[in-house]
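Each remark here refers to the structure printed beneath this line.
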Protein chains: 2
Amino acid sequence: MHSLKTFFNRLSPISAQSWDKLEALFSPQSLKKGDYFITAGETARDIAFLESGIIRAFYRNSEAVEYNKHFFTNPCFIGGYASLVTKTPNQIHQQALTDCTILTARYAGIQELYESCPDIERAARILAEQFFVQKEQREIEIVLLDADKRYEIFQKHFPQLEQQVPQYHIASYLGITPTQLSRIRRKMAGR
Amino acid sequence: MHSLKTFFNRLSPISAQSWDKLEALFSPQSLKKGDYFITAGETARDIAFLESGIIRAFYRNSEAVEYNKHFFTNPCFIGGYASLVTKTPNQIHQQALTDCTILTARYAGIQELYESCPDIERAARILAEQFFVQKEQREIEIVLLDADKRYEIFQKHFPQLEQQVPQYHIASYLGITPTQLSRIRRKMAGR
DNA sequence: GTGATTTCTTTACCTATGTAAATGCATTTG
DNA sequence: CAAATGCATTTACATAGGTAAAGAAATCAC
């Protein structure tokens with residue numbers, strides 16, 4: 001629970017009483033490599049804090065083409081945030097790429113705390129703002145940069161990930177095929 | 001101010017006292033077609049509520065290529081949200097595509113209200129969550145759909161906009177050139 | 001270790017979309 | 001009205017990146 005507390009306090013200071021209520025909502029759990037935390041079509045109920053491991057969030061379209069929208073590496077929150085917020089079905093899947101340990105909580109339980117703990121609602125506001133900022137940053141990369149530059153940014157942003165997950169997942173994150181990623185890698189190596 | 005009040009109350013109910021404080025922060029202003037509300041490189045200070053008119057938000061990369069990330073049509077909030085939240089310079093520009101009337105407020109003034117008015121902080125949380133959801137929705141369109149489908153969605157989402165702004169702005173929103181948009185239009189017309 | 005599976009790279013070919021330039025139409029401006 | 005400007009379309013050509021298939025390497029299972 002310690003890393004969770006640290007994470008929250010970095011968002012915004014949490015009083016001891018608020019933390020007690022919050023902590024009570026989370027319970028440890030583990031995911032095996034390949035397990036899904038959320039699935040498109042189902043409405044999310046839980047949010048979780050990733051203590052260790054790697055999770056990918058991805059879309060799959062009607063032709064079964066997948067797009068890895070994000071890799072979660074600990075410590076951070078995972079879960080179908082858009083689904084939790086809107087109470088509509090997930091459009092994304094989240095799958096463990098390695099064995100993971102997580103802390104899960106019912107999102108509704110957290111929402112109830114907003115009434116009695118304004119400091120928690122504040123942390124939630126700041127978290128939502130951060131999520132937005134991260135998405136905007138990623139949007140800029142996707143629409144304004146070519147695949148070569150996106151690959152360079154990926155390498156800087158997730159330094160170790162390239163050794164930990166298959167290359168086709170990285171290609172999917174970059175919005176290209178493994179074929180094209182291989183071409184880019186060859187081009188960059190011969191320089 | 002009425003549409004602003006309606007907008008806030010739809011996010012989450014605002015007490016009369018909170019509304020009085022909030023209303024006092026906003027003052028009417030107008031933008032001429034072509035005027036910029038925010039500019040990349042500058043740190044945003046104000047947020048605004050668009051009462052009438054059309055605004056485009058766009059990125060411009062180092063090669064002067066532009067990408068229209070969003071069209072704001074009233075009534076909604078405009079402003080460099082990521083910049084306001086992070087207090088770092090804007091990465092985007094926002095420019096009036098028609099004459100606009102807006103209500104502007106110092107964002108710092110709103111943030112100060114969070115202390116005394118939890119109902120306003122709640123509205124801010126919900127707004128941030130909505131911003132995130134909208135961005136995720138748009139991300140799905142960009143990465144998973146081809147330009148033809150994105151054009152169809154654009155037409156549904158902004159039914160009148162096609163008659164109100166030049167086609168090259170729409171092409172830029174779709175992530176293609178006017179040339180390609182023209183090809184798509186011809187293809188769709190001949191069917 | 002040996003075979004089986006998974007992952008990565010390479011090749012050949014194809015397609016969507018970009019670039020640049022020409023044209024035509026519509027709208028504004030003196 | 002005439003010229004100028006802005007915008008949409010078209011054409012010819014170029015290119016980034018996709019698809020499919022095959023081979024090479026690495027990893028896993030027994």
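No hydrogens, no waters, no symmetry mates; every other heavy atom, side chains included, goes into these values. In what follows, chains carry the letters A, B, and so on, assigned in the order in which the sequence lines appear, proteins first and then strands, with residues in each chain numbered from 1.
Between B:E141 and B:K149 there is no salt bridge, since no side-chain nitrogen of the basic residue lies less than 4.0 Å from a carboxylate oxygen of the acidic one. A salt bridge does not link A:K21 with A:E112: none of the charged nitrogens is closer than 4.0 Å to a carboxylate oxygen. The residues A:R122 and B:E121 are annotated as salt-bridged, a charged nitrogen and a carboxylate oxygen being separated by less than 4.0 angstrom.
The shortest distance between the side-chain N/O atoms of B:R186 and the OP1/OP2 oxygens of D:dT9 is not below 4.0 Å.
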Run the ring-ring contact (aromatic ring centres under 6.0 Å, His included) check on B:F7 and B:F77 step by step: do they pass?
CA-CA 9 Å; B:F7 188 93; B:F77 277 102; 5.4 Å; yes
Counting primed atoms plus P, OP1 and OP2 as sugar-phosphate and everything else as base, spell out the protein contacts along nucleotides 12-30 of chain D at 4.0 Å heavy-atom distance: B, S or - for each nucleotide, 5' to 3'.
B----BBBB----------
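Cluster membership for B:I142 and A:L144, using ILVMFWY side-chain heavy atoms within less than 4.5 angstrom, is shared.
At its two ends the helix from C:dG1-D:dC30 to C:dG30-D:dC1 runs along axes set 40° apart, each axis drawn from five pairs and the angle rounded to 10°.
Checked against the 6.0 Å centroid threshold, A:F58 and A:Y67 do not count as a close aromatic pair.
Regarding A:L144, its CG atom lies at a distance of 16 Å from the C1' atom of C:dG18, rounded to whole Å. B:M188 has its CE atom 13 Å from the P atom of D:dT9, to the nearest Å.
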Name each donor-acceptor pair under 3.5 Å that joins a side chain in residues 34-57 of chain A to protein atoms two or more places apart or in another chain, with its distance.
unit_1: A:D35; atom_1: OD2; unit_2: A:K32; atom_2: N; d: 2.9
unit_1: A:S52; atom_1: OG; unit_2: A:T101; atom_2: OG1; d: 2.9
unit_1: A:R56; atom_1: NE; unit_2: A:Q95; atom_2: OE1; d: 3.0
unit_1: A:R56; atom_1: NH1; unit_2: A:E66; atom_2: OE1; d: 3.0
unit_1: A:R56; atom_1: NH2; unit_2: A:E66; atom_2: OE1; d: 3.3
unit_1: A:R56; atom_1: NH2; unit_2: A:Q95; atom_2: OE1; d: 2.8

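Here the closest heavy-atom approach between residue B:R138 and residue B:K69 is recorded as NE-O, 3.3 Å.
The side-chain hydrogen bond (donor to acceptor under 3.5 Å, both in side chains) check on A:E129 picks up A:R125, with sequence neighbours excluded. Partners of B:Y59 according to the side-chain hydrogen bond (donor to acceptor under 3.5 Å, both in side chains) rule, which considers only residues two or more places apart in sequence or in another chain, are A:E139.
Residues from residues 159-174 of chain B placing a heavy atom under 4.0 Å of any atom in DNA chain D, listed by number, are B:P166, B:Q167, B:Y168.
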